[in-house]
Amino acid sequence: MTLLTETFSGIVQRITYHNPDNGWSVLRVQSFISHEKQETVTVHQTKVFAGATMEFKGAWTTHPKFGRQFKAVEALEKKPATAGALEKYLGSGLIKGVGPKTAKKIVRHFGKETLDIFEHKIDLLTEVPGIAHKKLEMIGSAWQEHRSIRDVMMFLQHHGISTLFAVRIYKEYGDNAIQIVSQDPYRLVHDFYGIGFFSADKVALSIGLARDSDQRIIAAIKHVLAGSREEGHCYLTLSQLEQQVPQLLEMVMGTPLPHYLDVMEKEHHLRVRLIPDENRLEERCYYSNTLYHDEAAVASCIHTLAGKMQIEQQRIKTWTDKYCQRHSIQLSDEQADSVRGVASHGFSILTGGPGCGKTTTTLVIVRLLEAMGRKVLLAAPTGRAAQRMSEVIGREAKTIHRLLEWQRGFFQKNAEQPLETDFLIIDECSMLDISLSAGLLSAVPAGCQVLFIGDADQLPSVGAGNVLGDMLMSGMIPCFHLTKVFRQAEKSMIIHHAHHINKGDTPRIDSPFKTPEIWKDETDCLFIDADEATQEQIQFVRRIKCFFDQQETSSINQDVNDQNLFEFRTEEAITSSYEKDLVIPPKFQHVDLQTVYNAANSIEELKSVLQKVHPWSSLHYGFSALDVVEKLYLEWIPKYYGGNCEIQVLSPMTRGSLGTTNINAMLQKKANPEQPGKRQLQFGEKIFREGDRVIHRRNNYDLNVFNGDIGRIVSIDTEDMTCVVSFSPDNREIIYQKEDMAQLDLAYAITIHKSQGSEFEAVIIPVLTQHFKMLYRNLIYTGLTRGRKLAVFVGTRKALAMAVRQQDTSKRQTALKHLLINTFTGPDRT
DNA sequence: AGCAAAAA
């Protein structure tokens, strides 16, 4: 860790930038060594005063935009050493009553002894002209105060706390700070947002607390429990804690863990819930207080809301029929049933895959309720989902955070100040985590009806819990499941394969390399086998192909055909790795093809080398996976599906050779290359060019653009550094100022996560083992079902099979399902 | 073989 041992010291001249959230600061620092030269220093979690003399530890780096800078990992305040430093220090406004002018006078008078005078003989300050008795008193008391702060600060900093937090800790604990922190350093985790277990532990060990002290172990248990959220879990089991806690503490525990857990439960540091496992044996499940409360709150709120309403079914039917007729809406039977069902239940769920008509059903429900004189509120977890809801329903829809009036970490709308409405409809509920659900449901007033809409097969929520899935699986909540697909269901292979994926079967998707006709058949789902071939392999195949094309009319493909390798064997494809099949014999490396041609036996050898490559892998045609993405985007899809077909690449990941960043860079270069007259702007590494496809990444209520909106850059003004982006569906044009453009990214490729809730005419989905960590069932399902006319996978069948086998949400440890069953049927404890 | 992600 400590490879960065360069140091750099100087006087802080100016604080160029300071981020109060994480403490990251950019400073201009005048070096001690070369006096005239100012350097840029970046440092984390440190607030430094202008004029302070600092010693930084870290390393020199070169930033692509800002050039040479010192990246500090540690900053220590030194006593001012030079007269110049002293003057800056005193004049920085740190001491009340001393400004730059007075500072100058003082330093000129006392020179090097200035600091000593302040420390020990402050009365002598009156020697300085302009400092009378009154001013001396002011300066004196300010200096006193400053000194006690400084003692605390020095203590905290000595034990590894950054200046920024030291200031906050001093503000909170005052002069007792040293005592409080020494007594229980782990208090800091609870009292200060931004200090975690690791920071507090550093202080604790530095102060000299024992590695096996109770405080330390309890803090570690709390930290592990809180961390389970990251995995999507609500609770951890004993064996999980026994594995993770000692690992965090970096020691073997003397006293067994259950002892501590019992103590913590008694002292309300954690909660335990007994949940029966498959064998009906009760297991102790350990919760952090908040998650325990949230889970229980969701279950009890739903129980309170649930129940049947007295509604005249016949009147609803008559009204619905009339409404649909007037607006020429065709409702299927299950949709009509859903409308009636939802209207007559206190709490219900409307679910179903894409293209099943959830939206139309919702529209009719909203109109019906309004006709019944009910006040209806609409909301969704994300800005984009809310905006789409408004567009489709024609009523305002808000994000849940806005609906509940989120302010400084709390919701203004809650059990005490509930929402004012008769009916609440929440869309895209697969994105709801347990905490937001608890916040939302507590704010529902008594007598209000609630409808959750969502597709549980889509991506799970970012936060902990499996809310929608648990509610559905509990079987306790009235659920209206739309199954009839309107989108040409019979023909659609996308729907067919999506269905298989959901069941856990790896779909056998046809490849155009195997069956070239399928392009013309306008199939809507394809798989192109491609792997991470090396440049050497690609070049080798291309050279051979080039050679054969010249020499023989019959292509090499004909030869491979003879081997009858085209039988569609998924299992074989799963185990084989295409690029490994191609071993280039040394004798053919960099060989002149004419020489090969002259030696007849060499031709046969060449053929046999190529025949080892899987005949429908893209390597066989001299394409890497990235080449295939390019070909699909620029040639193949436009050729068979029309040049106006909207194509979207959906990658499981941001990084990697087939991550969004790399694909974006490649497609920008190929699909929208630099041209004279085509204007562009550069921000650091990012280039935006006229014609680029872009995505907006944060809800911006001023511009009325939302996280996930995709558009095209219409024009760029290089003078003003502004641009105009046109967004679908109605091609509305938004003017971006320079600072707004930071919220834009290239969007030729986006992550599957970002695509949730959107649809595209054609999607290209790379699925390779390099995406290993992200490969799970819901992800593939979500990506595949984003395509309306075409979905093409590019990658290996092995990666696809891995993804389909991996069920993310089933691994989430949650108890909502269990709680709902218990609440509704009464606990069956004996 | 290390990774994605909402809200304010």
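Reckoned from all heavy atoms, side chains included, excluding hydrogens, waters and symmetry mates. To find a chain, count down the sequence lines: A is the first, B the second, and so on, and within it residues start at 1.
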Phe772(A) side chain, from C-beta outward: closest of dC3(B), dA1(B), dA5(B):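 Closest of the options to the side chain of Phe772(A): dA1(B).
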Of the listed nucleotides dA8(B), dA6(B), dC3(B), the one nearest the side chain of Arg402(A):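 Of the candidates, dA8(B) comes closest.
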Rounded to the nearest Å, what distance is computed from the [atom1] atom of residue [X] to the [atom2] atom of nucleotide [N]?
{"X": "Asn662(A)", "N": "dC3(B)", "atom1": "CG", "atom2": "P", "result": "14 Å"}
{"X": "Tyr781(A)", "N": "dA4(B)", "atom1": "OH", "atom2": "C1'", "result": "20 Å"}
{"X": "His401(A)", "N": "dA7(B)", "atom1": "NE2", "atom2": "C1'", "result": "4 Å"}

Should [X] be listed as having a side-chain N or O under 4.0 Å from OP1 or OP2 of [N]?
{"X": "Thr399(A)", "N": "dA8(B)", "result": "yes"}
{"X": "Tyr776(A)", "N": "dC3(B)", "result": "no"}
{"X": "Thr769(A)", "N": "dA1(B)", "result": "no"}
{"X": "Arg384(A)", "N": "dA6(B)", "result": "no"}
{"X": "Lys754(A)", "N": "dA6(B)", "result": "yes"}
{"X": "Asn699(A)", "N": "dA8(B)", "result": "yes"}

Quiz: residues 655-662 of chain A side-chain donor-acceptor pairs under 3.5 angstrom, not counting sequence neighbours:
unit_1: Ser657(A); atom_1: OG; unit_2: Gln770(A); atom_2: NE2; d: 3.0
unit_1: Thr661(A); atom_1: OG1; unit_2: Thr654(A); atom_2: O; d: 3.2
unit_1: Asn662(A); atom_1: ND2; unit_2: Ser657(A); atom_2: O; d: 2.8

Ser624(A): partners by side-chain hydrogen bond (donor to acceptor under 3.5 Å, both in side chains), with sequence neighbours left out: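 side-chain hydrogen bond (donor to acceptor under 3.5 Å, both in side chains) check on Ser624(A) returns Asp627(A).
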Does anything in residues 411-420 of chain A come within less than 4.0 Å of DNA chain B? Heavy atoms only, and list the residues if so.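 Residues of residues 411-420 of chain A that come under 4.0 Å of DNA chain B do not exist, since none gets that close.
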Base, sugar-phosphate, or nothing: which does Phe410(A) touch, judged by heavy atoms less than 4.0 Å apart?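 The residue Phe410(A) makes no contact with any strand.
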Say whether Ser390(A) and Gln387(A), considering side chains only, have a donor N or O and an acceptor N or O under 3.5 Å apart.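 No.
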Any side-chain donor near an acceptor of the partner, Arg229(A) and Thr290(A), under 3.5 Å: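 Yes.
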Give a yes/no verdict on a cation-pi contact between Arg712(A) and Phe727(A), requiring under 6.0 Å between NZ or CZ and the six-membered ring centre and an angle within 45° of the axis.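 Verdict for Phe727(A): no cation-pi partner in Arg712(A).
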Can Tyr287(A) and Tyr235(A) be said to form a ring pair (Phe, Tyr, Trp, His ring centres under 6.0 Å), step by step? CA-CA 5 Å; Tyr287(A) 281 80; Tyr235(A) 63 83; 5.5 Å; yes
